[in-house]
Number of protein chains: 2
Amino acid sequence: MSDLLERLRGRGWRLTAQRRVVAEVLDGDHVHYTADEVHAKATERLPEISRATVYNTLGELVSLGEVLEVSTDGRAKRYDPNAHHDHQHLVCSRCGTIRDVHLDSDPLAALPVPERFGFQVSEVSVTYRGICPNCHSHS
Amino acid sequence: MSDLLERLRGRGWRLTAQRRVVAEVLDGDHVHYTADEVHAKATERLPEISRATVYNTLGELVSLGEVLEVSTDGRAKRYDPNAHHDHQHLVCSRCGTIRDVHLDSDPLAALPVPERFGFQVSEVSVTYRGICPNCHSHS
DNA sequence: TCTTGACTTAGACAATGTCCAATGTAGGAT
DNA sequence: ATCCTACATTGGACATTGTCTAAGTCAAGA
């Protein structure tokens with residue numbers, strides 16, 4: 001993730017302790033925290049970081065295309081640092097955990113042109129829901 | 001939609017003016033209101049209806065499988081009365097309007113079994129995003 | 001028509017997210 | 001090394017969306 005910080009600095013991002021901490025928290029694969037979870041974890045390393053800054057920074061990372069915003073339920077959005085690998089999500093309807101998954105075929109191809117109603121379609125997201133093995137064995 | 005009311009009454013639903021009004025508001029195709037929009041429209045016909053009742057009734061309709069809950073952005077959930085026809089959604093990233101669309105192929109087939117990680121997948125939702133013709137011409 | 005349990009209500013509360021004015025600071029300029 | 005200043009951060013008020021509860025109301029069966 002440190003190359004991320006380099007890349008952003010090259011784009012004129014001012015590098016602050018707060019931004020570095022947020023980026024560090026998001027580091028890793030299969031990480032899907034809510035904004036407040038990111039804030040809680042960031043607070044462990046930088047106790048005075050404010051909620052507003054975390055929201056701002058996450059929003060910037062999303063605009064810059066470095067992080068994906070995932071709204072799986074109607075609850076809090078989750079942030080996915082794995083933005084450079086095309087993937088979709090598999091969500092457990094019981095416990096809410098998320099897995100990244102990779103598809104066989106481009107879901108955009110499944111939408112016939114007449115069904116696009118003149119929209120310039122630029123993005124597709126596919127969410128699979130089901131019960132994860134862990135919840136299933138405990139039921 | 002009046003057959004809906006009949007069906008629900010058969011399932012032990014007590015038929016009240018409030019529930020009738022909510023169902024009437026949801027009547028129609030390509031209707032995707034938020035809960036508060038439903039409340040506003042319901043208020044036109046039944047001024048004293050409360051927000052809590054609208055939320056309750058929508059929740060019941062969803063549990064009964066008569067209405068779909070759609071969370072397209074991280075904002076308010078929208079309610080889709082077209083629950084009995086399999087379909088997906090196309091959302092305008094600018095103005096937020098939603099169209100129902102129908103796919104060529106089953107999106108479940110695009111997820112290879114090894115990518116299911118032992119989940120019992122029961123549901124798929126596909127959301128396409130883009131700029132609608134109206135927003136595009138006004139840009 | 002009476003009765004009763006289900007329904008509705010108003011408003012407090014909770015969770016998530018946004019905004020703003022005051023303050024602080026990264027990094028280029030000197 | 002220090003100074004400047006535009007950009008970043010802060011805290012707290014506010015907004016939006018949704019949930020809960022206690023008290024009152026009513027649909028529909030007896």
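At the heavy-atom level, A/Thr16 lies under 4.0 Å from the strands shown only through sugar-phosphate atoms. Using a 4.0 Å heavy-atom distance criterion, B/Ala76 is classed as a sugar-phosphate-only contact.
Judged by atom type and distance alone, B/Arg14 does not reach the base of C/dC7 through any side-chain donor-acceptor pair under 3.5 Å.
C/dT16 atom C1' lies 13 Å from atom NZ of B/Lys77, rounded to whole Å. Atom-to-atom, CZ of B/Arg20 to C1' of D/dA28 comes out at 13 Å; the value is rounded to the nearest Å. In this structure, A/Leu8 atom CG and D/dC7 atom P are separated by 17 Å, rounded to whole Å. Between the CD atom of A/Gln18 and the P atom of D/dG11 there is a distance of 10 Å, given to the nearest Å.
Within residues 40-51 of chain A, the residues that have a heavy atom under 4.0 Å from DNA chain C are, in order of number, A/Arg51.
Checked for salt-bridge contact, A/Arg78 and A/Glu69 miss the test: no charged N lies under 4.0 Å from a carboxylate O.
Side-chain contact check for B/His32 and B/Asp100: at least one donor-acceptor pair (N or O, by modelled atom type) lies under 3.5 Å.
Comparing A/Thr53 and B/Ala35 by the nucleotide of DNA chain D whose heavy atom lies nearest to each, the residue mapping closer to the 5' end is A/Thr53. Closest-nucleotide positions on DNA chain D for B/Ala52 and B/Ala17 were compared, and the one nearer the 5' end corresponds to B/Ala52.
Closest to the side chain of B/Tyr55, out of C/dT16, C/dT8, D/dT17, is D/dT17.
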